[in-house]
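The structure appears right after this line, and notes come after that.
Everything numeric in this text was worked out from a predicted model, so none of it was measured.
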Amino acid sequence: MKKPKLSQLKINSLISKKRAELPKSPGVYFFKDKAGEIIYIGKAAVLKNRVNQYFQKSRARDQKTDLLISEIADLEYIEVETELDALFLEAELVRRYLPRYNILLRDDKSLVYVRINYSDSYPSISFTRRPLDDGAKYFGPYFSAFATKRALKYLRRAFPYSTHTGVIPKRVCLQYHLGLCPGLEENKTSLEEYRANLRKLIQYLRGERSKLMNSIEKQMRKAAARKDFELAAKYRNQLSAIKALSQRVVFSDKETLDIYKDQGLSGLTEILGLESIPRRIEGYDISHQQGTHNTASQVVFVNGLPDKAAYRKFKMRLPGNNDFAHMNETISRRLSPANTKKWGKPDLILIDGGKGQLSSAVKARDASGLDMPMIGLAKREEEIIVSSEGSRVALKLDLIAKQRGVVFSSEEFYRVLLPKNSPVVKLLQRIRDESHRFAVSYHSVLKTKAQTTSLLDGIPGVGPSTRSKLIRAFGSVSAVAQTTEAEIAAILGSKKAKQIHGYLSSDR
């Protein structure tokens with residue numbers, strides 16, 4: 001093994017010293033190379049925690065992140081008061097310095113801009129991924145749409161703005177009554193006053209928080225000196241709302257999940273013997289009530305976090321109470337050529353259930369001609385179920401034992417039992433529970449819809465017009481069910497009356 005050069009030892013020593021001095025507060029951090037060039041800029045809710053994540057040996061990383069870490073020769077940071085400040089400052093500094101790894105490590109689809117059509121007669125705020133040359137003001141790009149939308153939601157309490165685009169409502173919306181919208185529809189706020197408020201919001205987006213607060217405080221004092229106490233109170237409330245932003249969580253929950261996620265994903269990759277980290281994991285569950293309203297769910301976790309836009313639900317075509325057949329149908333439909341082309345291929349499939357459900361899913365996958373790992377998670381003991389032949393998984397028994405796990409084997413299946421507090425089990429539980437929740441929610445929708453469906457809806461050949469005639473004539477569905485064939489014939493004719501009366505009689 002080659003000894004590291006002295007220069008590299010100095011670099012490592014410098015970075016270790018600076019890491020130890022990092023504060024536990026929000027901020028923006030900079031990674032620099034040996035030439036002093038900024039190669040990456042990131043934001044953090046807790047600077048010390050976020051930066052140290054990069055240097056954790058147990059952390060699962062892709063090749064681009066490993067390449068970034070190998071080039072880090074120095075780090076700097078800017079401490080800020082709130083997570084919102086960190087979010088907006090990151091975007092401003094990335095635009096200024098254009099670090100090359102901010103491009104390499106980011107997916108362009110995640111970039112989002114804040115659009116303010118300030119000059120329009122009805123200014124509003126919206127989000128877009130592609131800024132246009134349309135005269136509107138654009139702010140960004142921001143690397144987290146989730147954090148950006150949450151930040152604007154909190155800022156709306158300090159600077160009420162409209163989100164109406166296209167057709168403008170004639171009356172003020174609910175958001176006005178909550179103090180979040182200016183109410184231009186009914187002239188509750190003048191356009192001049194609204195634009196002045198938007199200018200303050202723009203100033204905050206540009207990172208001029210301290211300057212903005214000083215300006216608002218001066219306006220408050222002037223209003224109070226003029227004895228315009230109502231306006232002074234308005235400025236006071238605005239200042240209070242801005243100060244309260246320091247207590248708002250914008251992205252630290254995502255940061256915490258990021259740490260946990262890596263342990264679960266890396267551990268799962270190791271014990272299953274997968275070639276690479278399963279970036280896209282899909283979870284499946286079946287829901288029904290005594291064989292009726294059968295539904296299935298598909299939830300998607302990308303890098304250990306739910307991607308709700310990619311969730312899908314299936315209404316079962318096969319009747320009856322047969323979870324195995326329904327799981328086979330679900331996986332067959334999911335892995336059909338059309339859906340595979342539209343949704344892509346999963347890196348790992350997690351089935352909510354034991355040996356029977358997994359076996360049915362494996363058969364459907366093999367019939368589709370595709371090849372991806374599959375495992376099950378049995379509820380009773382939270383056992384990971386692996387097919388000994390068709391799972392495309394190579395269990396690492398030594399690593400499972402190292403995690404204090406136990407493996408039980410039979411002719412066709414392995415059952416892996418890990419400690420309940422294992423990050424791998426926690427990750428799989430989250431995916432399984434989410435697939436169960438999503439399946440039950442769709443099942444409940446179908447059940448509720450069925451309960452409110454009229455008896456007349458199921459009669460072949462009877463459409464909305466005929467149903468309306470019967471309801472108008474007899475007053476209700478129950479009244480129609482109690483009528484004679486002759487009474488129905490007087491309205492619809494003998495042929496239709498015979499059909500409807502026969503159906504309702506058999507239903508009774």
Report all side-chain donor-acceptor pairs from residues 353-363 shorter than 3.5 Å, counting only partners two or more places apart or in another chain.
{"from": "Gln357", "atom 1": "OE1", "to": "Gly354", "atom 2": "N", "distance (Å)": "3.2"}
{"from": "Ser360", "atom 1": "OG", "to": "Phe324", "atom 2": "O", "distance (Å)": "3.3"}
{"from": "Ser360", "atom 1": "OG", "to": "Gly356", "atom 2": "O", "distance (Å)": "3.0"}

By salt bridge (Lys or Arg N to Asp or Glu O under 4.0 Å), Glu383 pairs with (sequence neighbours left out) Arg415

Just checking, any donor-acceptor pair under 3.5 angstrom between side chains of [X] and [Y]?
X	Y	value
Glu434	Tyr311	yes
Arg432	Gln429	no
Tyr142	Glu90	no

Quick one: pull up [atom1] in [X] and [atom2] in [Y] and give me the separation to the nearest 0.5 Å.
X	Y	atom1	atom2	value
Leu318	His326	CG	NE2	5.5 Å
Leu397	Ser409	CG	OG	9.0 Å
Lys149	Tyr154	NZ	OH	15.0 Å
Lys315	Arg333	NZ	CZ	10.5 Å
Leu93	Leu98	CG	CG	11.5 Å
Ile286	Asn322	CD1	CG	10.0 Å

Please examine the side chains of [Y] and [X], heavy atoms only from C-beta on, and report whether any two atoms are closer than 4.5 Å.
X	Y	answer
Leu377	Asp352	no
Leu67	Tyr101	yes
Ser25	Lys48	no
Leu272	Leu395	yes
Leu155	Leu205	yes
Leu350	Leu348	no
Met374	Arg392	no
Val114	Phe127	yes

Residues in ring pair (Phe, Tyr, Trp, His ring centres under 6.0 Å) contact with Phe31, at least two apart in sequence or another chain: Tyr29, Tyr54

[X] side chain to [Y] main-chain N or O, any donor-acceptor pair under 3.5 Å?
X	Y	answer
Thr330	Ala296	no
Gln403	Ser422	no
Thr128	Pro131	no
Tyr161	Leu152	yes
Arg365	Asp371	no
Gln298	Arg312	no

Which heavy atom of [X] sits nearest to which heavy atom of [Y], and what is that distance?
X	Y	result
Ala44	Ala86	O-CB, 4.3 Å
Pro26	Leu47	O-CD1, 4.0 Å
Ile72	Ile15	O-CD1, 3.5 Å
Ile41	Ile38	CG1-CG2, 3.6 Å
Ser435	Ser297	O-OG, 2.6 Å
Pro278	Thr269	CD-OG1, 3.2 Å

Among Arg100, Lys34, Lys32, find the residue that satisfies the side chain to side chain donor-acceptor pair (under 3.5 Å) test when tested with Glu71. Arg100

Other residues, nucleotides and ligands only: do more than 12 of their heavy atoms fall within 6.0 Å of [atom1] on [X]?
X	atom1	result
Arg404	CZ	no
Glu21	CD	yes
His436	NE2	no
Phe413	CZ	yes

My understanding is that only residues two or more places apart in sequence, or in another chain, count here; which of them pass side-chain contact (heavy atoms from CB on, under 4.5 Å) with Leu370? Leu335, Thr340, Lys345, Ser368, Met372

Let's go through Val416 and Ile400 carefully: what are the C-alpha distance in whole Å and the side-chain angles of both, what is the deciding distance for side-chain contact (heavy atoms from CB on, under 4.5 Å) to 0.1 Å, and is it a yes or a no? CA-CA 8 Å; Val416 181; Ile400 293 172; 4.1 Å; yes

Could you walk me through whether Leu418 and Val406 satisfy the side-chain contact (heavy atoms from CB on, under 4.5 Å) test, starting with their C-alpha distance in whole Å, then the side-chain angles of each, then the deciding distance to 0.1 Å, before giving a yes or no? CA-CA 7 Å; Leu418 294 174; Val406 182; over 6 Å; no

Show, in sequence, the C-alpha distance, side-chain angles and deciding distance for Asp74 and Lys18, and conclude whether the salt bridge (Lys or Arg N to Asp or Glu O under 4.0 Å) test is met. CA-CA 9 Å; Asp74 194 7; Lys18 289 195 172 185; 2.8 Å; yes

In chain order, what residues pass the side-chain hydrogen bond (donor to acceptor under 3.5 Å, both in side chains) check against Glu282, with sequence neighbours excluded? Arg280, Tyr284, Arg334

Run the side-chain hydrogen bond (donor to acceptor under 3.5 Å, both in side chains) test against Asn52 and tell me which residues pass, sequence neighbours left out. Arg19

Any chance you could lay out the side-chain contact (heavy atoms from CB on, under 4.5 Å) test for Ile39 and Asn102, step after step, and finish with the verdict? CA-CA 8 Å; Ile39 56 176; Asn102 282 88; over 6 Å; no

Under the side-chain contact (heavy atoms from CB on, under 4.5 Å) rule, what do Thr148 and Tyr113 come out as? Steps first, then yes or no, please. CA-CA 9 Å; Thr148 306; Tyr113 294 82; over 6 Å; no

